[in-house]
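As structure tokens, the structure follows; a few thoughts come after it.
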Amino acid sequence: MQIIKTIPALRELRQQCQQRIAFVPTMGNLHQGHLQLVEAAKQHCDQVWVSIFVNPLQFGEGEDFEDYPRTEATDCEALEKIGVDVVFLPSVSDIYPRPLAETTQVHVPMLSKQLCGVYRPVHFDGVSTVVNRLFNLLDPDVAVFGAKDLQQLRIIQRMVADLGMRVQVQSVATVRESDGLAKSSRNRYLSLDERAEAMLLYQTLKSIKQAILNGQRDYAYLEEEAFNALQSAGFKPDYVAIREAGFLQAPNTDTKQLAILAAAYLGQARLIDNLVLTIT
Ligand code: PAF
């Protein structure tokens with residue numbers, strides 16, 4: 001496995017590479033969920049390239065940019081073990097040579113300012129900007145993202161379509177702990193008691209799903225009931241929302257593909273999760 005730290009070295013390697021490349025962008029602190037993305041990437045291409053970059057542009061004021069766990073050495077060991085070909089480990093000044101406030105950004109309208117975007121107003125512009133930059137640098141054939149961040153996935157899909165990028169975006173189902181909690185680097189912020197409670201988020205989404213499958217169509221009622229249930233259990237929910245699964249807009253009576261999404265704090269940890277379902 002090659003570890004590349006500079007853009008000139010990356011460009012040279014990319015130019016020499018005649019094989020198809022599947023790319024997995026990450027912020028490191030890798031867990032089973034990321035490794036599944038790599039496994040999926042292997043199915044699509046001859047080579048898997050991974051980036052590890054904690055992107056300052058996607059953290060708002062007061063968020064955990066400084067504290068975000070940086071574990072490059074163990075991450076690289078894990079990636080080597082599962083057969084990754086290249087790890088790109090750029091510095092902030094490689095990715096953003098100009099001051100952040102002066103850096104050109106990619107903004108995906110509608111999608112980026114709703115749901116999590118209401119509570120994290122700069123987050124998705126930061127994500128689309130860095131992913132665009134990484135796509136330009138690596139020129140991958142395929143890029144793999146987790147479905148746990150459904151809003152992020154939809155934003156990337158929209159950016160790729162709108163900007164006519166050649167990369168093919170693939171998604172991988174959420175990897176869960178045995179009690180259903182979605183794996184996330186931020187789960188490490190949970191205390192032992194909170195960790196035991198955290199699975200309630202997924203349980204709540206499953207209850208909504210079941211109610212919809214049982215014929216309940218009053219989505220506002222389901223959202224409110226779930227929000228209150230999470231609050232009573234000690235969460236501080238940002239939202240519980242039922243949307244059409246494509247571009248996460250409000251569903252209408254003809255909508256068949258639904259996404260149930262939620263974001264809630266439990267202690268210091270902001271947890272997100274979603275379920276997608278089809279109704280007849
Ligand atoms: O999902 C993440 O880890 C990040 O948002 C991403 C896609 C690597 C961009 O920084």
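Below, all heavy atoms of this structure are taken into account, side chains as well, without hydrogens, waters or symmetry copies. Here the structure is a predicted model, which is why all the values come from computation and not from measurement. Residue numbers start at 1 and run along the sequence shown. In listed order, ligands and their atoms are each counted from 1.
Between atom 9 (C) of ligand 1 and the options H34, K148, H123, Q58, the minimum heavy-atom separation is to Q58.
Interface of V130 with ligand 1, defined as ligand atoms under 4.0 Å from a residue heavy atom, comprises 9 (C), 10 (O).
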Requested in this report: Give the C-alpha distance, both sets of side-chain angles, the deciding distance and a yes or no for side chain to side chain contact (heavy atoms under 4.5 Å, CB included) between Q43 and Q170.
Outcome: CA-CA 11 Å; Q43 309 304 312; Q170 296 286 344; over 6 Å; no
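Using a cutoff of 4.0 Å between basic side-chain nitrogens and carboxylate oxygens, R11 and D139 are not scored as salt-bridged.
Within the model, atoms CZ of R14 and CG of L138 stand 7.5 Å from one another, a figure rounded to the nearest 0.5 Å. Within the model, atoms CD1 of I52 and CG of D75 stand 4.5 Å from one another, a figure rounded to the nearest 0.5 Å.
Where the criterion is an N or O separation shorter than 3.5 Å, residue side chain and backbone included, N55 fails it with respect to ligand 1.
Scanning the protein for heavy atoms near atom 3 (O) of ligand 1, the closest one is M27 CG, 3.8 Å. From the protein, the heavy atom lying nearest to atom 1 (O) of ligand 1 is Q152 NE2, 2.9 Å.
Listed here is the closest heavy atom pair of N187 and A182: ND2-O, 3.0 Å.
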